[in-house]
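Report on one structure; see the data block that follows.
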Amino acid sequence: MTTIENQNTSDRSRVVTVKQYTTPSEAYLDAELLENNGIACSIDGAIGGSVLPFIQGQVRLRVAERDARQAVELVPGAEMPDEND
């Protein structure tokens, strides 16, 4: 998976959360969907979600702010982030 942090670019766009999960496996499926559509993303909290699965909403799918609208259209249940995200 190509993560936002691994891209070699001078664009330092803000990274936002478009969906939260209870398990990392769900997040990886959606991340693959985004990658297949040319949207770089990252997953935060995957290790914590595996070790402590009872902590809900700790796994987050994150994209560059400029890609958020397209990501929300592709990923079921994803939402545009709040201004304060």
Side-chain angles (χ1 to χ4, degrees):
M1 172 171 38
T2 304
T3 63
I4 296 167
E5 292 82 15
N6 291 339
Q7 287 184 349
N8 186 11
T9 180
S10 61
D11 182 9
R12 298 293 179 198
S13 176
R14 194 167 81 110
V15 178
V16 295
T17 299
V18 292
K19 189 170 177 182
Q20 294 185 342
Y21 304 84
T22 56
T23 66
S25 59
E26 297 171 23
Y28 284 115
L29 289 173
D30 286 343
E32 184 174 350
L33 173 65
L34 291 179
E35 288 290 324
N36 289 338
N37 283 278
I39 300 174
C41 61
S42 65
I43 298 173
D44 285 349
I47 293 173
S50 296
V51 176
L52 303 170
F54 54 87
I55 300 176
Q56 295 185 2
Q58 296 298 314
V59 180
R60 295 171 302 281
L61 180 63
R62 298 177 55 83
V63 300
E65 187 174 44
R66 68 178 178 276
D67 296 328
R69 186 160 311 282
Q70 186 179 5
V72 167
E73 291 173 6
L74 291 168
V75 176
E79 297 179 353
M80 286 298 292
D82 292 334
E83 295 270 333
N84 299 326
D85 185 26

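Computed from heavy atoms alone, side chains included, the values below leave out hydrogens, waters and symmetry copies.
Between atom CD1 of residue Ile43 and atom NZ of residue Lys19 there is a gap of 11.5 Å, rounded to the nearest 0.5 Å. Of the inter-residue distances, the one linking Asp44 atom CG with Gln58 atom CD reads 10.5 Å to the nearest 0.5 angstrom. Here the OG1-CG distance, from Thr17 to Leu61, works out to 8.0 Å after rounding to the nearest 0.5 Å. Between Arg66 atom CZ and Ile39 atom CD1 the span is 10.0 Å, to the nearest 0.5 Å. One finds the CZ atom of Arg69 at 13.0 Å from the CG atom of Leu74 (value rounded to the nearest 0.5 Å).
Across Val59 and Ala27, no two heavy atoms sit closer than the pair CG1-CB, 3.7 Å. Nearest heavy-atom pair, Ala71 versus Ala78, reported as atom, atom and distance to 0.1 Å: O-CB, 4.4 Å.
For Glu65, the salt bridge (charged side-chain N to carboxylate O under 4.0 Å, His left out) test picks out Arg14, with sequence neighbours left out. Gln70 pairs by the side chain to side chain donor-acceptor pair (under 3.5 Å) definition with nothing, not counting sequence neighbours.
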- Stepwise side chain to side chain contact (heavy atoms under 4.5 Å, CB included) check, Val63 with Leu34: CA-CA 9 Å; Val63 300; Leu34 291 179; 3.8 Å; yes
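Side-chain heavy atoms closer than 4.5 Å link hydrophobic residues (I, L, V, M, F, W, Y) into clusters, and following such links, possibly through other members, connects Leu33 to Met80.
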